[in-house]
Visitor: 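Right, I'll just put the structure down here and ask away after.
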Amino acid sequence: MLKQSALLNVMTAAAQKAARGLVRDFGEIENLQVSKKGTADFVSTADKKAEKTLVYELSKARPKYGFLLEEGGEIEGPDTSNRWIIDPLDGTTNFLHGLPHFAISIALERDGDPFAGVIYEPISDQMFTAERGQGAFLNHRRIRVSARKDLNESLFATGIPFAGRGKHDLFLHQLKDVMAKTSGVRRFGSAALDLAYVAAGRYDGFWESGLHPWDIAAGIVLVREAGGYVTDFEGKDTMMKNGEIIAANDSLHGTLSKILKNASS
Ligand code: IPD
């Protein structure tokens, strides 16, 4: 077990604090599902409360850093090299429906590049952490991307476009080609956890488009530090700008990229 850096200590402590409120609120969802009022407002309040806790805790520890927040947008800090990129509740739809698969995602971006990432899955108490050059960890144990090379033995995760979001026809072409050649495709509903699970070798790869920087910034560091490759659909390092992402081990990244490229032509 390696000693965690001061930076990751700050990030994991903030995630744990915010998670307490989320877990409490998640406990209420079941009752709310059957109420007339529904859950949407409640969840959006839970989301905002978690974000507030994260901003408070991280600002206390690093007062000069700015923020890019899913809920609150951009907050500039006097230190222009460092900013936190935060999704206080990735997997909002799961949370809303009482499905216990959601996470807090915190990344530190340094000089325009994801530098450190923490993804915390509160219900199962899984803390994924990574910092550039220091490796990737799950609850302090080292994790690595899978070593699988054979496509037909590999399991992939993705995100299915939904009402008002994404290119539905293109996705169906991609899915048709990937599912025909692999041992399966999963859609669990949290891009941050999809990336953390690629880093942990659970999935062999992940692809999705239409994502935001807060969905993927922490996961990018995790996959890279776990020995994997992350690019957009063109093989470029512009995932944070265009919201397209392919993450996999080095053997499968090229193969998955080719399948997705052929599906779009
Ligand atoms: C969503 C999740 C989901 C992905 C969506 C994202 P949110 O994030 O990551 O897996 O398919 O595109 O918007 O809204 O729950 O923070």
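Atoms within a ligand are numbered from 1 in the order they appear, just like the ligands themselves.
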Visitor: Within a distance under 4.0 Å of any heavy atom of E70, pick out the atoms of ligand 1 and give their elements.
Guide: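 Counting atoms of ligand 1 from 1, those under 4.0 Å from E70 are 14 (O), 16 (O).
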Visitor: Could you check whether any side-chain heavy atom of L58 comes within less than 4.5 Å of a side-chain heavy atom of I106, counting everything from C-beta outward?
Guide: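 A side-chain contact under 4.5 Å exists here.
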Visitor: Looking only at atom types and distance, does a side-chain atom of H253 sit under 3.5 Å from a main-chain N or O of A247, one as donor and one as acceptor?
Guide: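 Pair absent, no side-chain N/O of H253 close to backbone of A247.
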Visitor: Grouping I, L, V, M, F, W and Y whenever their side-chain heavy atoms are under 4.5 Å apart, do V223 and I245 come out in a common cluster?
Guide: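 V223 and I245: one cluster.
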Visitor: Please indicate whether any nitrogen or oxygen in D87 is less than 3.5 Å from any nitrogen or oxygen in ligand 1.
Guide: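 The answer is yes, given that D87 and ligand 1 share an N or O pair closer than 3.5 Å.
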Visitor: With a 4.5 Å cut-off on side-chain heavy atoms, are L108 and W84 touching?
Guide: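 Counting from C-beta outward, W84 and L108 do come under 4.5 Å.
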Visitor: In terms of atom number and element, which parts of ligand 1 are under 4.0 angstrom from non-hydrogen atoms of G91?
Guide: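 Listed by number with element: 7 (P), 15 (O).
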Visitor: Could you see which bit of D194 sits under 4.0 Å from ligand 1, with heavy atoms only: side chain, backbone, both or neither?
Guide: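 Under 4.0 Å from ligand 1, D194 contributes no heavy atoms.
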Visitor: Taking C-beta and beyond as the side chain, do M239 and D237 meet within less than 4.5 Å on heavy atoms?
Guide: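 Side chain of M239 against side chain of D237, heavy atoms only: contact under 4.5 Å found.
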Visitor: Between K52 and E71, does any NZ, NE, NH1 or NH2 come within less than 4.0 Å of an OD or OE carboxylate oxygen?
Guide: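 No, E71 and K52 are not salt-bridged.
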Visitor: Can E57 and K60 be counted as an ion pair, charged N to O under 4.0 angstrom?
Guide: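 Between K60 and E57 there is a salt bridge, with a charged N closer than 4.0 Å to a carboxylate O.
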Visitor: Judged by modelled atom types alone, do Q134 and S5 share a side-chain donor-acceptor pair under 3.5 Å?
Guide: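 The answer is no; no qualifying pair exists.
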Visitor: Short N/O distance, under 3.5 Å, between R187 and ligand 1?
Guide: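 Such a contact does occur with ligand 1.
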Visitor: What is the nearest protein non-hydrogen atom to atom 11 (O) of ligand 1, stated with its residue, atom name and distance?
Guide: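 Result for atom 11 (O) of ligand 1: E208 OE2, 2.5 Å.
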Visitor: Taking distance alone, with no angle check, do G159 and ligand 1 share an N/O pair under 3.5 Å?
Guide: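 Such a contact does not occur with ligand 1.
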Visitor: List every atom of ligand 1 that sits less than 4.0 Å from any heavy atom of G189, numbering the atoms from 1 in the order shown and giving each element.
Guide: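 Under 4.0 Å from G189, ligand 1 has these atoms: 2 (C), 3 (C), 10 (O).
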Visitor: Does ligand 1 have a heavy atom under 4.0 Å from the side chain of A191, from its backbone, from both, or from neither?
Guide: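 Contact part for A191 vs ligand 1: both backbone and side chain.
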Visitor: What is the closest protein heavy atom to atom 1 (C) of ligand 1, and at what distance does it sit?
Guide: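 Protein heavy atom at minimum distance: D90 OD1, 3.8 Å.
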Visitor: Using a strict 4.0 Å cut-off to heavy atoms of S190, name the atoms of ligand 1 that fall inside it.
Guide: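 Selected atoms, number and element: 9 (O), 10 (O).
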Visitor: Once you restrict to heavy atoms under 4.0 Å, what part of R165 touches ligand 1? Side chain, backbone, both or neither.
Guide: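 It is the side chain that gets close, since no backbone atom is under 4.0 Å.
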Visitor: Flag the pair D79 and R62 as a salt bridge only when some basic side-chain nitrogen lies within less than 4.0 angstrom of an acidic carboxylate oxygen.
Guide: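 Answer for the salt bridge query: no.
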Visitor: Can you sort out which atoms of ligand 1 are near T92, meaning under 4.0 Å from one of its heavy atoms?
Guide: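 Under 4.0 Å from T92, ligand 1 has these atoms: 7 (P), 14 (O), 15 (O), 16 (O).
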Visitor: Below 3.5 angstrom, do we get any N/O pair linking L89 and ligand 1?
Guide: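 The answer is yes, given that L89 and ligand 1 share an N or O pair closer than 3.5 Å.
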Visitor: Are F26 and F102 close enough that their ring centers fall under 6.0 Å?
Guide: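 Under 6.0 Å, so yes.
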Visitor: Using distance alone, decide if ligand 1 has a nitrogen or oxygen within less than 3.5 Å of any nitrogen or oxygen in F162.
Guide: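 So ligand 1 has no N or O lying under 3.5 Å from an N or O of F162.
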